[in-house]
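What you see is a predicted model, and the numbers here were worked out from it, not measured in a lab.
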Amino acid sequence: MSTQTIALMALLILSALGFLLVLIAVIIKTYTKKKNKRCTSETYGKVIKYLFPGDGRIVPVVEFETNQKKYVSKKMFNGYIKVRKPSLSDPYAWEDEKGFLHTTVGPIANVKQAAQELWPIGAEMKVYFDSIDPRINYVERPTENSLAFFIFLITGIALIALGVLMYWLIQ
């Protein structure tokens with residue numbers, strides 16, 4: 001194979017993968033905006049349990065009722081931030097105003113206790129839902145998926161730039 005062919009293949013492969021990742025980022029952003037726009041009805045639900053997917057993450061599960069039917073929703077966060085415990089008076093977990101859940105990591109961290117302190121079982125949380133299809137919903141604040149959006153977008157742009165750079169360097 002000639003260097004021209006190799007350069008062109010590198011450009012095409014990296015650029016195609018980059019465009020695919022940028023497309024996924026756009027789809028994530030579009031889906032999230034549509035979901036948040038559709039969820040105009042609101043009610044209150046109760047925390048029924050927690051999920052602990054690992055790595056200090058906590059997901060409260062909320063049950064709500066509308067039209068004599070019960071639905072379950074998970075409180076989503078825009079991201080998770082692990083912190084070291086600076087002092088004993090600080091909480092083990094807290095949510096900031098931007099929708100990120102900060103959780104303490106370390107040998108004395110107790111995520112079950114932190115979840116119970118933040119959202120006790122039976123506590124009420126506001127749920128926004130689509131009145132036509134209540135399965136489309138979110139708890140307390142609209143989700144932004146900003147972290148996933150930016151990861152896909154930046155990685156896609158970087159791959160496109162790498163493909164162009166490799167093409168230029170090989171030429």
Side-chain angles (χ1 to χ4, degrees), residues 17 20-158:
L17 187 55
L20 179 65
L21 293 177
V22 169
L23 178 65
I24 291 171
V26 169
I27 290 170
I28 288 171
K29 193 66 158 178
T30 304
Y31 170 78
T32 303
K33 279 187 173 184
K34 279 185 178 181
K35 176 182 176 183
N36 293 341
K37 192 175 181 180
R38 287 178 65 180
C39 296
T40 56
S41 299
E42 57 185 74
T43 188
Y44 284 91
K46 293 186 185 270
V47 177
I48 57 169
K49 66 179 180 177
Y50 314 104
L51 301 176
F52 303 100
D55 207 24
R57 294 177 295 174
I58 305 168
V59 180
V61 179
V62 177
E63 182 180 69
F64 68 99
E65 187 175 331
T66 182
N67 300 331
Q68 289 80 36
K69 288 179 99 178
K70 290 188 178 188
Y71 297 91
V72 175
S73 183
K74 298 175 190 168
K75 179 168 175 51
M76 304 306 287
F77 300 96
N78 291 328
Y80 294 90
I81 299 173
K82 294 186 282 185
V83 294
R84 301 266 179 235
K85 187 89 171 132
S87 72
L88 293 174
S89 62
D90 290 337
Y92 286 108
W94 68 94
E95 183 180 0
D96 66 19
E97 65 279 352
K98 294 183 179 178
F100 287 86
L101 180 66
H102 300 255
T103 54
T104 302
V105 293
I108 60 168
N110 185 342
V111 290
K112 289 182 183 180
Q113 179 183 351
Q116 185 63 30
E117 288 173 6
L118 279 173
W119 313 283
I121 297 292
E124 286 192 340
M125 296 177 88
K126 191 176 263 192
V127 179
Y128 297 87
F129 62 95
D130 181 356
S131 58
I132 297 169
D133 186 1
R135 293 175 298 169
I136 299 171
N137 57 63
Y138 60 86
V139 177
E140 285 193 342
R141 72 175 59 203
T143 53
E144 293 178 18
N145 291 329
S146 58
L147 186 60
F149 168 74
F150 282 116
I151 288 173
F152 278 100
L153 183 67
I154 290 170
T155 306
I157 291 171

Atom pair [atom1] ([X]) and [atom2] ([Y]), whose distance is rounded to the nearest 0.5 Å:
X	Y	atom1	atom2	result
I24	L153	CD1	CG	12.0 Å
Y31	K29	OH	NZ	14.5 Å
E63	K46	CD	NZ	10.5 Å
S73	M125	OG	CE	9.5 Å
E140	F77	CD	CZ	8.0 Å
T32	M76	OG1	CE	10.0 Å

Counting neighbours of CZ on F152 that are heavy atoms of other residues, nucleotides or ligands and sit closer than 6.0 Å, is the number greater than 12?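 Count not over threshold, so no.
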Does atom CZ of F52 have more than 12 heavy-atom neighbours from other groups under 6.0 Å away?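 Correct, the count exceeds 12.
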Which heavy atom of V22 sits nearest a heavy atom of I157, and at what distance?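 Heavy atoms only, the tightest pair is CG2-N, 4.0 Å.
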What is the minimum heavy-atom distance between F149 and A25, and which atoms define it?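 Heavy atoms of F149 and A25 come nearest at CD1-O, 3.2 Å.
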Derivation and outcome, ring-ring contact (aromatic ring centres under 6.0 Å, His included), residues Y80 and F100: CA-CA 6 Å; Y80 294 90; F100 287 86; 8.9 Å; no
Whether D96 and K98 form a salt bridge (side-chain N of Lys/Arg under 4.0 Å from carboxylate O of Asp/Glu) is what I want to check.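 A salt bridge is absent here (no side-chain N lies under 4.0 Å from a carboxylate O).
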Between K75 and E95, is the closest basic N to carboxylate O distance under 4.0 Å?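 Yes.
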Does some side-chain heavy atom of [Y] sit less than 4.5 Å from a side-chain heavy atom of [X]?
X	Y	result
V61	V72	yes
I58	T103	yes
F129	V139	no

Are Q116 and Y50 linked by a side-chain donor-acceptor pair shorter than 3.5 Å?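 Distance-only check passes for Q116 and Y50.
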Using atom types as modelled and distance alone, determine if a side-chain donor or acceptor of D130 lies under 3.5 Å from a backbone N or O of I132.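 Yes, the answer is positive, given that a donor and an acceptor are paired below the 3.5 Å cut-off.
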Say whether, by atom type as modelled, one donor and one acceptor occur between the side chain of N137 and the main chain of P134 under 3.5 angstrom.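 Yes; judged by distance alone, with no hydrogens or angles, the pair exists.
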Check against side chain to side chain contact (heavy atoms under 4.5 Å, CB included), L21 and I154: CA-CA 9 Å; L21 293 177; I154 290 170; over 6 Å; no
Member of T66, T43, I136, V127 meeting the side chain to side chain contact (heavy atoms under 4.5 Å, CB included) criterion with Y71: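 Among T66, T43, I136, V127, the one meeting side chain to side chain contact (heavy atoms under 4.5 Å, CB included) with Y71 is T66.
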